[in-house]
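Predicted model only: the values in this text are computed from it and were never measured. For ligands, and for the atoms within them, numbers begin at 1 and follow the listed sequence.
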Amino acid sequence: MIESEDRSDADAKVVVDGVGKVYNSERQRVRALAGVDFTVADGEFVCLVGPSGCGKTTLFRTIAGLEAPTDGEVRLAGAPVTGPGTDRGMIFQEYGLFPWRTVRGNVAFGLEEQGVPEPDRSQRVEEMLGLVGLGEFAGAYPKELSGGMKQRVGIARALAVDPEILLADEPFGSVDAQTREMLHAELLRIWSETGKTVLFVTHDVEEAVTLADRVVVMAANPGRVNEVVDVDLDRPRERTASGFAEAVERIRTLIGD
Ligand code: ADP
Ligand code: MG
């Protein structure tokens, strides 16, 4: 038993080890995270769920290397995170696209930063736009796109530099329900085609049960892991399939709503 736990930790792609975070400002001190421990295996799809304010974004930013933990550390393939890196691609709720760049220019951004030369760069951009079905919109600007299309650009941009880990913070929160379902199917297809490890933050329990192999259920004050739930349902998942509603109910009960 102990042996197998040791091995799974060594094999893990992401290890969140005793992570705590305190925000200190002049007026107040907020303990956003306390003693957060969990691991994500290579190629696994893990969702983080929990009520507003339980530290999901703080944890996402800590794994991304945008925020330093006050206690503990995050390790990626064994190495402690000390800042952002091209091993992690990020997708944000508000797209974070450059409005002055075309779709093609947005997807090319990380490749330019890396100094990837032509024609490799353009080839990679075309490949990514094909992957998300936006080949015909390569020359369009973000303001000409729907929310769902913008988020597909966000996915293509995150994947362009071929990160091993995809990190998303409530990425589909601003799109309508029908578009969100399409994006779920698309993300799952990309995940199975590329074998990426995905860490996906959401407050939507049904979204988590649709997507994840495992769901890390968090609690607030201070932000911590309440329980990690295995979602043992066949893919593709239908909300009406047997077991779906039970998994949703179980997680909702853990969250306390
Ligand atoms: P979630 O994404 O789950 O809603 P957050 O990580 O955004 O949670 O926030 C967790 C807690 O930390 C909240 O109490 C929030 O107000 C606080 N917090 C988040 N970011 C900051 C910050 N930059 N400075 C001070 N407090 C913060
Ligand atoms: Mg958040």
Side-chain angles (χ1 to χ4, degrees), residues 14-40 45-76 81-84 88-97 147 150-151 154-155 157-158 165-177 179-180 183-184 187 197-212 214-229 231 248 250-257:
V14 181
V15 177
V16 178
D17 184 5
V19 165
K21 177 72 179 184
V22 175
Y23 289 109
N24 271 309
S25 66
E26 290 136 45
R27 281 175 296 111
Q28 56 174 356
R29 185 172 180 281
V30 179
R31 174 159 278 291
L33 296 172
V36 175
D37 287 312
F38 65 91
T39 64
V40 183
F45 199 130
V46 168
C47 282
L48 290 175
V49 301
S52 175
C54 73
K56 301 182 297 296
T57 293
T58 301
L59 190 53
F60 164 88
R61 289 177 57 80
T62 305
I63 297 166
L66 299 170
E67 199 79 66
T70 343
D71 310 283
E73 66 178 9
V74 177
R75 291 185 297 277
L76 304 178
V81 168
T82 55
R88 284 148 289 158
M90 282 177 270
I91 306 172
F92 303 94
Q93 177 170 357
E94 293 307 329
Y95 319 116
L97 302 180
K150 276 189 253 195
Q151 201 47 284
I155 294 170
R157 184 181 56 181
I165 302 163
L166 205 52
L167 299 173
D169 189 5
E170 309 214 17
F172 306 147
S174 322
V175 298
D176 61 86
T179 306
R180 194 178 313 137
L183 289 166
H184 287 158
L187 181 62
T197 304
V198 183
L199 238 165
F200 186 109
V201 173
T202 177
H203 64 266
D204 180 339
V205 175
E206 293 203 341
E207 178 166 62
V209 173
T210 301
L211 297 174
R214 284 190 303 144
V215 178
V216 176
V217 183
M218 295 180 67
N221 300 315
R224 61 196 186 275
V225 175
N226 182 349
E227 197 163 316
V228 180
V229 175
V231 184
V248 168
R250 167 137 186 258
I251 294 168
R252 286 213 173 117
T253 305
L254 285 167
I255 295 173
D257 67 14

Q. With a cut-off of 6.0 Å (strictly less than), are more than 12 heavy atoms of other residues, nucleotides or ligands near NE2 of H203?
A. no
Q. Shortest non-hydrogen contact from T39 to R214?
A. O-NH2, 2.6 Å
Q. Side chain of K56, backbone of V49: donor and acceptor closer than 3.5 Å?
A. no
Q: Please answer whether the main-chain N or O of A168 pairs with a side-chain N or O of Q93 as donor and acceptor at a distance below 3.5 Å.
A: no
Q. Is the backbone N or O of A220 less than 3.5 Å from a side-chain atom of R224, with the two atoms forming a donor-acceptor pair by type?
A. yes
(Q) For a distance under 2.8 Å, give residue and atom name for each protein N, O or S atom next to the Mg ion (ligand 2). (A) T57 OG1
Q. Which heavy atom of E227 sits nearest a heavy atom of L254, and at what distance?
A. OE1-CD2, 3.5 Å
Q: Would you check if the side chain of T62 reaches a backbone N or O of P69 as a donor-acceptor pair within less than 3.5 Å?
A: no
Q. Hey, which residues fall under 4.0 Å of ligand 1 on heavy atoms?
A. Y23, V30, A32, P51, S52, G53, C54, G55, K56, T57, T58
Q. Out of Q151, R157, E170, which one pairs with I91 under the side chain to side chain contact (heavy atoms under 4.5 Å, CB included) rule?
A. Q151
Q | Reference residue D17; test side chain to side chain contact (heavy atoms under 4.5 Å, CB included); the match among D37, V74, V36 | A | D37
